[in-house]
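Below, chains carry the letters A, B, ... as their sequence lines are ordered, and counting in each starts from 1. Just so it is clear, the model here is predicted, and its values are computed rather than measured.
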Amino acid sequence: MTVTSHRPTAGDQQSDFDATIAADGRIEPRDWMPDRYRATLIRQIAQHAHSEIIGMQPEGNWLTRAPSLERKSILLAKVQDEAGHGLYLYAAAETLGMSRDEMLDLLHSGGQKYSSIFNYPTLTWADNGAIGWLVDGAAIVNQVPLCRASYGPYARAMIRICKEESFHQRQGFSILLALARGTDEQKAMAQDAVNRWWWPSLMMFGPPDGESPNSADSMAWGIKRFSNDELRQRFVDMTVPQAEILGITLPDPELRWDEESGHYAFGALDWSEFKRVLRGDGPNNAERVRRRKAAHDDGAWVREAATAYAAKQAARMEQSA
Amino acid sequence: MTVTSHRPTAGDQQSDFDATIAADGRIEPRDWMPDRYRATLIRQIAQHAHSEIIGMQPEGNWLTRAPSLERKSILLAKVQDEAGHGLYLYAAAETLGMSRDEMLDLLHSGGQKYSSIFNYPTLTWADNGAIGWLVDGAAIVNQVPLCRASYGPYARAMIRICKEESFHQRQGFSILLALARGTDEQKAMAQDAVNRWWWPSLMMFGPPDGESPNSADSMAWGIKRFSNDELRQRFVDMTVPQAEILGITLPDPELRWDEESGHYAFGALDWSEFKRVLRGDGPNNAERVRRRKAAHDDGAWVREAATAYAAKQAARMEQSA
Amino acid sequence: YSPLVDLTLRLGDDALVLSQRLMEWVASAPVLEEDVAIANIALDLLGQGRMLISYAGSIMSPPKSEDELAYLRQAREFRSSHLVEIPRGDFAQTMARQLVFSTYQSLLYAELTHSTDATIAAIAAKASKEVRYHLDHATQWVLRLGDGTDESHERMQAGLDVVWPYVDELFDADSGVEVYDGPQTDEKLRPLIDAGVCPDFGALREPCIDQLTAVIETATLTVPQTKWHARGGRRGVHTSDLDFLLAEMQSVHRAYPGATW
Amino acid sequence: YSPLVDLTLRLGDDALVLSQRLMEWVASAPVLEEDVAIANIALDLLGQGRMLISYAGSIMSPPKSEDELAYLRQAREFRSSHLVEIPRGDFAQTMARQLVFSTYQSLLYAELTHSTDATIAAIAAKASKEVRYHLDHATQWVLRLGDGTDESHERMQAGLDVVWPYVDELFDADSGVEVYDGPQTDEKLRPLIDAGVCPDFGALREPCIDQLTAVIETATLTVPQTKWHARGGRRGVHTSDLDFLLAEMQSVHRAYPGATW
């Protein structure tokens, strides 16, 4: 145990923090940290938590209609995991001083965001496959480096989450594989889903490096480890061979292996649509938040009852003590 | 126009009423009538009106699922007729001095009844056929004599209703005929529905003559023209040959042609179940009334708005006049 | 789908799906007169839907029956707008949707009466009379509810707020959207517009909004502002509500493959 | 169905249908912890349902797969009780149903652990552990809501009032009903009871009501009175809710006949 011999000054605190970051060490909840580091982390972890719970909706929507009991069971386990991930992440964000209720209020009011990918609709059963394969696939590429994020609670939450995400990605691939080996209608359903989800998945990595203003800080603080474009390329390189196994065509005529760079080259992304959806003019933005808020509001009386009961029980304990 | 030269006494009124009934004439709303005649009519017409609107539920339940667009269209027209019949009948009952709102309140509180037949569930599409064929068939046999009922507004409402009921019965027969000529599964579905609806239909005519205490008055007053057992027999005689055309077996091993009486003989009815259902312990009693009451309660704000708007409009008219 | 099939399915699917939504009110309306009225509107729309879908089926190759098209298509193959798909909501929301849809239909069918396609012209002529009654019915209710009690005013405004983002799709289906799987849906009808089969839907927007605005303001209500609008129905990208609606509608038919009814 | 198939379908269909109802809560629960808990209970019940329905299918001739039985039976062929079929209602009603069902299941599976049918005994042993958690979870919520706020007390009582008429069916399915199409359903299991495959369900009624009464009274609530009770599920006479639930559940499977997933 280190006993500090003098009261630390702001300058000391900053240099301790910088030293920890430089040594690739972990910042823990009771450690001093710069306000902007804290604010950036709260924003990022809350957005991640919100994405998990909003992300339950597009697939949750198909639970009652899953076409086999085994698929139903696997999808239910997956959606349950998402709720669990939400719990880990809210807990991690709470260590930075914002309560889950505050974060939910910000989600409902639009003050905090969730991943824009969940504003697209799930039109057919095959969409559950495409989400698992592409969206969870992209999430893993984004998240694996976060297991080494400089903030301890976040890194530890991500380690637990990443373990489960790879099962999610495999179940998505498995849904598509069954369809790709199925009837002509099933094959068409799988291709249609991939056509719709491919480009939005690529956009999950965020704007091109030149247009990503917050990235530099996050890199410097050891929250982010790779640039948006690097991660996007990694995802494409990982996914193209899997598409070949599935026998599904990715909807990009410019996609090709580039011998020189050792990577797949792909077409330009249409950011105008991404920005429109981000702005709130997406097919499901309003519906997703409405439904989330309705669940929260409809459940207010339940939470109040639980609080009242706990208080009564505590009073009874005290009386009998 | 007859001008009476003296103020009529109660005795005169009773004898005028008796004379009208004896001559098979019509009692009209402004005519004097005995209190018990009025009360009997209100009870009967209200029960009939309630039956029409509760009767929308078992078939209405299948509108969204009708298996062809033509059947859907015909069933919707039928259910719409039932609402229309309810309107005629409430209007007829209102001429006796009870408002529709009062009657609906009595329906919701259990103070007035509806036909117990609508407490059975509609389990398959074929039930819509069985209801049309058997339940509407029984209703017609009951209702045709009511077109000559002594109370004018009731008789006139029944004339309009009877015209439409025969279309209802034919559409039910037509549903069953298509099933009876269909696949084995469809045939089984039709037979199953008839098995479940046959006995309850026979019970629609009410208890056996010996146990029907109110019948004598209704007969004397020219409201009822035939006894329960006479009407039941007429229904059986009419229905058995139709069942033969359908190739459907009526679920009564004792059913046979009786040469001597010139009628079909049939097995004894199990009144214990009928009475249980009548008492409120039927499969759908609670649900039918709950749903009716929910529609009424949920619609209260709409009715209030319509009243408020009408009052505002009237006030505006007055101001501008 | 060929442009003509696409057009008739857009019209027919709108009518069929809305009719299905209206049927959900039967035996649940606030007054018995409305059970009759709503069933009546649903019947008219179902009739229109059947004529239009039958016509679409007759010009497909191989031809398809109305029931094949209604019961055996997947949601992705429907061409309905999101407006008719969303749940019915309360009575105010149902009337808000009906006001929008009947205003749109009345303007559209007035144009289609002059279609160079004789079948479409005949269907539109018949339907125009029905739509006049639907529009009148919805207008009366929007006035009553908007200018009724405080509660009804609030509910009527809320109903309009819910349906308003679905208005634009009726007129410029996919404008502003990059579509990966073919031309924008408003472009698809271009040859039919040029041939006088149907009007340019976009041109109906202004008169429609004007008519709606007049009713809404007379009803002491406010025309909603909205920052997003629905799109995609005309190319088979639907609300998830449609899939649930079809699951119910098609359930009996699909459970007995090959049966006739 | 043979008596053994009938028995396993009663158990399996109850689990499958209730699991389906619970899934409707996912992403709609009052707190995130309940999204996890309810999904967990639904998963357990789905697992139980799959084992039981697979077993039923394996002893049918010809044998049927779990998916054939889940997706290709009509409602009339299901053997579920009305309790599991009715809509979920609010959170209090869901917990009221869960308390009743888990109490019933815990007593039943405790008996079935000693079944002379080894498969049923093994399934019951595994399920018993899961049910203990379900029962504890529902009990905790009934206590919290019953003894929480005025509103939660009222809702919890209302929830119990709704589910109570469905309790008796679990124990003496058709007692007092003349059944036209075969023996009364409680008679159907007689040979299995005599052979020690399953207990006499009627005998479980009293301990179940006793346990429920204890929880309800501790929660400061009242055991409801009821003048009717549900019957018929065990012979295929169901609520109309089941048919809608199956229409949704079977929709994708039925839309692609012959496909594997």
**Report entry** Residues D:Leu43, A:Ser73; criterion side-chain contact (heavy atoms from CB on, under 4.5 Å); working and verdict
**Finding:** CA-CA 6 Å; D:Leu43 256 178; A:Ser73 179; 3.7 Å; yes
**Report entry** Evaluation steps, side-chain contact (heavy atoms from CB on, under 4.5 Å), between A:Asp298 and D:Asp90
**Finding:** CA-CA 9 Å; A:Asp298 292 351; D:Asp90 68 2; over 6 Å; no
Query - Inter-chain contacts: residues 305-320 of chain A against chain D, heavy atoms under 4.5 Å - result: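 Those residues of residues 305-320 of chain A which have a heavy atom under 4.5 Å from chain D are A:Ala305, A:Ala306, A:Ala308, A:Tyr309, A:Lys312, A:Arg316.
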Query raised in the report: Does a donor on one side chain and an acceptor on the other come within less than 3.5 Å for D:Glu248 and A:Thr64?
Result: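 There is such a pair (donor and acceptor under 3.5 Å, judged by atom type) between the side chains of D:Glu248 and A:Thr64.
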Region of [X] in contact with chain D, defined by heavy-atom distances below 4.5 Å:
| X | value |
| --- | --- |
| A:Leu87 | both |
| A:Val302 | both |
| A:Arg65 | both |
| A:Glu82 | neither |

Query raised in the report: Where on D:Ala37 is there a heavy atom nearer than 4.5 Å to chain A: the side chain, the backbone, both, or neither?
Result: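 Neither; nothing under 4.5 Å.
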Query raised in the report: Which of residues 117-143 of chain D get closer than 4.5 angstrom to chain A, counting heavy atoms alone?
Result: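 Those residues of residues 117-143 of chain D which have a heavy atom under 4.5 Å from chain A are D:Trp141, D:Leu143.
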Query raised in the report: Quick one: which residues of residues 252-261 of chain D reach chain A at under 4.5 angstrom, heavy atoms only?
Result: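 Within residues 252-261 of chain D, the residues under 4.5 Å from chain A are D:Val252, D:His253, D:Tyr256, D:Ala259, D:Thr260, D:Trp261.
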Report task. Output, in order, the C-alpha distance, side-chain angles, deciding distance and verdict of side-chain contact (heavy atoms from CB on, under 4.5 Å) for A:Arg100 and D:Leu32. Result -> CA-CA 10 Å; A:Arg100 196 205 300 181; D:Leu32 197 46; 3.6 Å; yes
Requested in this report: Measure the OG-CZ distance between D:Ser28 and A:Arg291 for me, rounded to the nearest 0.5 Å.
Outcome: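 Between atom OG of D:Ser28 and atom CZ of A:Arg291 there are 4.0 Å.
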Query raised in the report: How far apart are the C-alpha atoms of A:Leu63 and D:Val26, what are their side-chain angles, what is the distance that settles it, and do they pass the side-chain contact (heavy atoms from CB on, under 4.5 Å) test?
Result: CA-CA 9 Å; A:Leu63 285 174; D:Val26 171; 4.0 Å; yes
Query - ring pair (Phe, Tyr, Trp, His ring centres under 6.0 Å) partners of residues 7-64 of chain D, not counting sequence neighbours, each pair once - result: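 Of all non-adjacent pairs touching residues 7-64 of chain D, those that pass ring pair (Phe, Tyr, Trp, His ring centres under 6.0 Å) are D:Trp25-D:Phe91.
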